[in-house]
Amino acid sequence: LITSFVEKRLRLENGQSLPAVSGEDAHDSGPQPDPSGVGYQQKCRTLITRIRILENELADTDAESETLNQKVQGAGLVEQHLESELKAAQARLRLAQEEEALIRTQTQQASAKHASLQAQLAQLKSRRQLVQSTMLGLHEERDKTLLLARSFDPDWSPDV
């Protein structure tokens, strides 16, 4: 595609006519050549800005993930501790039925919180994967656009 574009551009610059467009090529909805390269430069700047925004989102996601990981571990420890207290209460031959009921309630609450935090963590990991895959596509598109922009001006550099 790039080679074809460069050949057409050179023909036009040298005053040569372009070959006739076949029926299949006439319906091509691909990008039209930009003789000045400004469109590619602008698109590259836009892509770089989007990448930066997603990089910030990725950093925020990683920080949130770390916080949730710590909460999940803490909730798991709370759950384990409460379960051990439950066994201790039963070992005292049920002398404290009210204490046992209270600890059972707290264990259920800790389990629910633990499950809720695990679900949040799973959603966060899914969102992180989506952001990463989006960034990969943007990086590839930026690289292509930069190559096209530099075909018009080899010294051009995005000022973003």
- Message: When you measure from the side chain of S111 to the backbone of T107, do you find a donor-acceptor pair of N or O atoms at a distance under 3.5 Å?
- Response: yes
- CZ of R127: more than 12 outside heavy atoms within 6.0 angstrom? yes
- What distance do L82 atom CG and T105 atom OG1 have between them, rounded to the nearest 0.5 Å? 10.5 Å
- Message: A side-chain contact here means heavy atoms from C-beta on lying under 4.5 Å apart; do W156 and L146 qualify?
- Response: yes
- Distance (rounded to the nearest 0.5 Å) between K144 NZ and C44 SG: 13.5 Å
- Note on the structure: Rounded to the nearest 0.5 Å, the CD atom of Q41 sits from the CZ atom of R45 at a distance of 5.5 Å
- Note on the structure: So OG1 of T145 and CD of Q42: to nearest 0.5 Å the spacing works out to 11.5 Å
- Nearest 0.5 Å, what's the CD-CD distance between E79 and Q108? 11.0 Å
- Is there side-chain contact between K71 and K113, with at least one heavy-atom pair below 4.5 Å? no
- Message: Please report the interatomic distance OG1(T134) to CD1(I51), rounded to the nearest 0.5 Å.
- Response: 11.0 Å
Do any side-chain atoms of residues 60-68 form donor-acceptor pairs under 3.5 angstrom with protein atoms, and if so which ones, sequence neighbours left out?
residue: T61; atom: OG1; partner: E57; partner atom: O; Å: 2.7
residue: D62; atom: OD1; partner: R128; partner atom: NE; Å: 2.4
residue: D62; atom: OD1; partner: R128; partner atom: NH2; Å: 3.3
residue: D62; atom: OD2; partner: R128; partner atom: NH2; Å: 3.4
residue: E66; atom: OE2; partner: Q70; partner atom: NE2; Å: 3.2
residue: T67; atom: OG1; partner: A63; partner atom: O; Å: 3.2

- Can you find a heavy atom in the side chain of Q132 that is under 4.5 Å from one in the side chain of M135? no
